[in-house]
Asks: 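Handing you a structure now.
Both backbone and side-chain heavy atoms feed into the values below; hydrogens, waters and symmetry mates do not.
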Amino acid sequence: MPGFGGGFVGVDVFFVISGYLITRLISEEISTTGNFRFAEFYVRRIRRLFPALVSVLIVSALVAVVVLSPEHLKRFVREMMTAVLSVSNIFFFSQSGYFDVSKTYKVLLHTWSLGVEEQFYLIWPVFLLFALRLRRRAFLSVFVALGICTLLAAEFWHDREAAFFLTPFRIYEFAIGAGLVWLERYQAPRLASEFAAVCGLAMIAAAAHLITPEMHFPGLLALLPTVGAALVIYARDASLAGLLTRNPVSVWIGKISYSLYLVHWPLFVFYFYVNYRPLTLFDRTALVVGSFVLATALHRFVEQPFRHPRPGKGEMGRFATRTAVLGASIIALGVSVVLGGGWHWRLSAETASLLASARRLTVHVDPCHYRSEKITPELQSKLDECFKQRGSAVLILGDSHGSDLFDALASNSGDRHVIGITDGGCRPVRPLHECYFRELPNFLASNKSKIDSIVFTQKGSYFLTDYISLPVDLEVIDGTVDFVAKLAGTGIETVWLGPQEEPNYEVEHFVPVATQPTLGESFLRAENQHIKDVEDEVRKRLGASGVPVTYISKLETIGKLTPALFVVDGEYTYSDATHWSAKGEEIFGAMLMRNPILHRIFFSASKTGAS
């Protein structure tokens, strides 16, 4: 919602509340009975969480079978199985990366925080029982040290995905809530409590408004909502805090909050999947209202009955058995879908064929059309061999879009000697990982006589500030201009082939049982206009630099991406949201070869190799 870019900090607030409530429950049981019953604790937790979760999983699975494509259904059941096993946060962490799908296709993405919560339930009672055996001063020292260490880990750990998804990096948030159990024994004056309540609410509101996904989070910045939550809990009897936390509406939302948490995200994802268009204000409002309706029903008919079971001998054992059987059944269903290829039988023959076209691979039968992700001795040996046979080469450099370009140009270049050095996520400025650029200068210097042209390309959205939208990142453009200037400085003819359109249309996005989404002009929307903005800025800054590099526009050479160009001869021309398929490489490569500069480079006589 506008104005709430940091709404995700609600998870951090929840972890503080959970740390407080669970710690108080455990410490009160130990102080009252002198003992802690693990089995009873875990059964209560399962009763609290599992029935509502399973209900949402079952309903979501029924919808998923109807509307999701095979690949998306396979992903959904993996999410479902890991959610049942309380490790979905680990699953989503393991799946994050360069080729990860958009969050709008992750039906159970929200369960990552439930995974963290359930893992906290496993380790926290053991830690507390150990810590409470220590003397008070030693206990507090261990407790504070644990919180500080995990906070610093979250702040300075190099892998931000790990810091976000994994439980060890969230312990300090639970610890802040747990610390309140001992702090609240010291009552503050009324005026101080009122002040704490106002400050706490203001800190949470500021975090929800000011923090954005692009910021360094979690870590020290997470102290804003978490300390704010702690202040509100500590001052919960303050009259000012009560205006927001103790009124009937807030209390009702609090009661259904777990059910609301479970139902809202699948509802949004499925709605978007079926309609596939930007959500309007009416859509958002209707989905929020629908979430509350479903959450109320789930709370009334599932949460409450299972949370408060009928008393009876052996009830705990029966519940545990039913839970285990139900969990095993869900996992079995998931395994069936995965082994069954996403249940392709749901697709019509035409839809199955179209989806398969996106996975068809480009096969190079010419031995002197070859590509490598790194500069290796094998690559050098291949270059030497083909130089003797075919003469000098055209070298294609780039990232994953460079791989697209290599396939497209090599397959349309006859018997020309073509070499590609391309790697997904590799770019001259801010690469995603270690790339071939370090070895490239020496490679070019030692093979100058064997390479007569260089063609460079890069994914256009990498030139956007957040890889999605405007403004254009001028620092990245300038750095890339410097890179191509160095390429031209070798004396080898250098061409910069501009970015291709990125429709961001998932080819897997189908409604296999109902109807296929309409491929209209608005359907192929997304970042196309932004890519044009990127190209305009690249051209302007490249021209101003005076670098002797030829710029060729893919956007102008290929033309606007239309539905007729998106599906050709019953095949997709894109394999995913931004990359060309084998059919696309065939079609777009032929179009690019009509450019007189590229045609000259690939079809003029090359320098002859030594006999």
Asks: Compute whether any side-chain donor of one residue and acceptor of the other, for Ser372 and Lys382, lie under 3.5 angstrom apart.
Replies: no

Asks: Check whether any side-chain N or O of Ser336 sits under 3.5 Å from a backbone N or O of Ala332 as a donor-acceptor pair, and report yes or no.
Replies: no

Asks: Check whether more than 12 heavy atoms from other residues, nucleotides or ligands sit under 6.0 Å from atom CD of Glu475, and answer yes or no.
Replies: no

Asks: Val11 versus Val116: any side-chain heavy-atom pair under 4.5 Å?
Replies: no

Asks: Could you tell me whether Phe483 and Phe456 have their ring centroids closer than 6.0 angstrom?
Replies: yes

Asks: Kindly indicate, with the supporting measurements, whether the criterion salt bridge (charged side-chain N to carboxylate O under 4.0 Å, His left out) is fulfilled by Asp366 and Arg390.
Replies: CA-CA 11 Å; Asp366 191 318; Arg390 303 280 184 87; 3.0 Å; yes

Asks: Out of Asp533, Val472, Asp473, which residue meets the side chain to side chain contact (heavy atoms under 4.5 Å, CB included) rule with Leu464?
Replies: Val472

Asks: Are more than 12 heavy atoms, taken from residues, nucleotides or ligands other than Lys374, located less than 6.0 Å from that residue's NZ atom?
Replies: yes

Asks: Taking C-beta and beyond as the side chain, do Val337 and Arg78 meet within less than 4.5 Å on heavy atoms?
Replies: no

Asks: Give a yes or no on whether Trp157 atom CH2 has more than 12 heavy-atom contacts from other residues, nucleotides or ligands under 6.0 Å away.
Replies: no

Asks: If the plane angle is over 60° it's perpendicular, under 30° parallel, otherwise tilted; pick one for His72 and Tyr273.
Replies: perpendicular

Asks: Compute the ring centroids of Phe406 and His364, then answer whether they are less than 6.0 Å apart.
Replies: yes

Asks: Does a side-chain heavy-atom distance below 4.5 Å link Leu383 with Phe443?
Replies: yes

Asks: Is Asp536 paired with Lys532 through a side-chain N to carboxylate O contact shorter than 4.0 Å?
Replies: yes

Asks: To check you understand the geometry: which heavy-atom pair defines the closest contact between Asp12 and Ala222, and what is its length?
Replies: OD2-CB, 4.4 Å

Asks: What are the two closest heavy atoms between Pro367 and Cys386, and how far apart are they?
Replies: O-SG, 3.9 Å

Asks: What is the ring orientation for Phe165 with Trp112, classed by angle as parallel under 30°, tilted 30 to 60°, or perpendicular over 60°?
Replies: perpendicular

Asks: Do the numbers put Arg170 on top of the ring of Phe164, so that NZ or CZ is under 6.0 Å from the six-membered ring centre and no more than 45° off the axis?
Replies: yes

Asks: Main chain of Ala410, side chain of Ser413: is a donor-acceptor contact present, judged purely on distance under 3.5 Å?
Replies: yes

Asks: So, do Tyr370 and His417 have ring centers that fall under 6.0 Å from each other?
Replies: yes

Asks: Kindly say whether Ser553 contributes a backbone atom to a donor-acceptor pair with the side chain of Thr557 at under 3.5 angstrom?
Replies: yes

Asks: Can you name the nearest heavy-atom pair linking Val549 to Ala488, along with the distance?
Replies: CG2-CB, 3.9 Å

Asks: Look only at the side chain of Gln500 and the backbone of Lys554, and say whether a donor-acceptor pair between them is shorter than 3.5 Å.
Replies: no

Asks: Taking the side chain as every heavy atom from C-beta outward, state whether Tyr574 and Leu561 have any pair of such atoms under 4.5 Å apart.
Replies: yes

Asks: Give a yes or no answer on whether the side chain of Trp496 reaches the backbone of Gln458 with a donor-acceptor pair at less than 3.5 Å.
Replies: no

Asks: Between Tyr551 and Glu535, is any side-chain donor less than 3.5 angstrom from a side-chain acceptor?
Replies: yes

Asks: Parallel, tilted or perpendicular for Tyr572 and Phe566, by the 30°/60° rule?
Replies: perpendicular

Asks: Do the side chain of His369 and the main chain of Arg416 share a donor and acceptor less than 3.5 angstrom apart?
Replies: yes

Asks: Is the side chain of Arg160 donor-acceptor paired with the backbone N or O of Ala154 at a distance under 3.5 Å, no angle test?
Replies: yes

Asks: With side-chain contact (heavy atoms from CB on, under 4.5 Å) as the test, would you mind laying out the steps for Val429 and Asp478 before giving the verdict?
Replies: CA-CA 9 Å; Val429 182; Asp478 289 338; over 6 Å; no

Asks: Looking only at heavy atoms, which two atoms of Ala393 and Ile419 are closest? And how far apart?
Replies: CB-CG2, 3.9 Å

Asks: Ignoring hydrogens and angles, tell me if any N or O in the side chain of Thr465 forms a donor-acceptor pair with the backbone of Pro471 under 3.5 Å.
Replies: yes

Asks: Give the intermediate values and the outcome of side-chain contact (heavy atoms from CB on, under 4.5 Å) for residues Phe93 and Asn89.
Replies: CA-CA 6 Å; Phe93 164 67; Asn89 61 319; over 6 Å; no

Asks: Verify salt bridge (charged side-chain N to carboxylate O under 4.0 Å, His left out) between Asp399 and Arg430, making sure each step is shown before the conclusion.
Replies: CA-CA 12 Å; Asp399 52 9; Arg430 303 175 196 160; over 6 Å; no

Asks: Check whether any side-chain heavy atom of Cys426 sits under 4.5 Å from a side-chain heavy atom of His433, and report yes or no.
Replies: yes

Asks: Can you tell me how far apart CG (Leu409) and CG (Leu497) are? Round to the nearest 0.5 Å.
Replies: 7.0 Å

Asks: Throw together a table of side-chain donor-acceptor distances under 3.5 angstrom for residues 584-598, partners on residues two or more places apart or in other chains.
Replies:
from   : atom 1 : to     : atom 2 : distance (Å)
Glu585 : OE1    : Thr362 : OG1    : 2.2
Asn595 : OD1    : Ile597 : N      : 2.9
Asn595 : OD1    : Leu598 : N      : 3.3

Asks: Do the side chains of Arg427 and His401 get nearer than 4.5 Å, heavy atoms only?
Replies: no

Asks: Would you name the heavy atoms of Gly341 and His344 that are closest together and state the gap between them?
Replies: O-ND1, 2.5 Å

Asks: Just one of Leu109, Thr111, Leu114 clears the side chain to side chain contact (heavy atoms under 4.5 Å, CB included) bar with Ser88, so which one?
Replies: Thr111

Asks: Counting C-beta onward and ignoring hydrogens, is there a side-chain heavy-atom pair between Leu354 and Ser357 closer than 4.5 Å?
Replies: yes

Asks: Show your working on side-chain contact (heavy atoms from CB on, under 4.5 Å) between Leu440 and Leu487 and close with a plain yes or no.
Replies: CA-CA 9 Å; Leu440 186 61; Leu487 295 179; 4.0 Å; yes

Asks: For Leu333 and Trp343, which heavy atoms make the closest approach, and how far apart are they?
Replies: CD1-CH2, 3.7 Å

Asks: Go through the side-chain N and O atoms of Arg371 and Thr422 and say whether any donor and acceptor fall under 3.5 Å apart.
Replies: yes

Asks: Taking it one step at a time, do Tyr462 and Leu432 satisfy side-chain contact (heavy atoms from CB on, under 4.5 Å)?
Replies: CA-CA 11 Å; Tyr462 279 151; Leu432 293 183; 3.7 Å; yes

Asks: Would you say the side-chain atoms of Gln119 pair up with the backbone N or O of Gly115, donor to acceptor, closer than 3.5 Å?
Replies: yes

Asks: Scan for salt bridge (Lys or Arg N to Asp or Glu O under 4.0 Å) pairs involving residues 486-498, sequence neighbours excluded, and state none if there are none.
Replies: Glu493-Arg600

Asks: Using atom types as modelled and distance alone, determine if a side-chain donor or acceptor of Glu571 lies under 3.5 Å from a backbone N or O of Lys583.
Replies: no

Asks: In the structure I gave you, are the side-chain heavy atoms of Glu161 and Phe92 within less than 4.5 Å of one another anywhere?
Replies: no

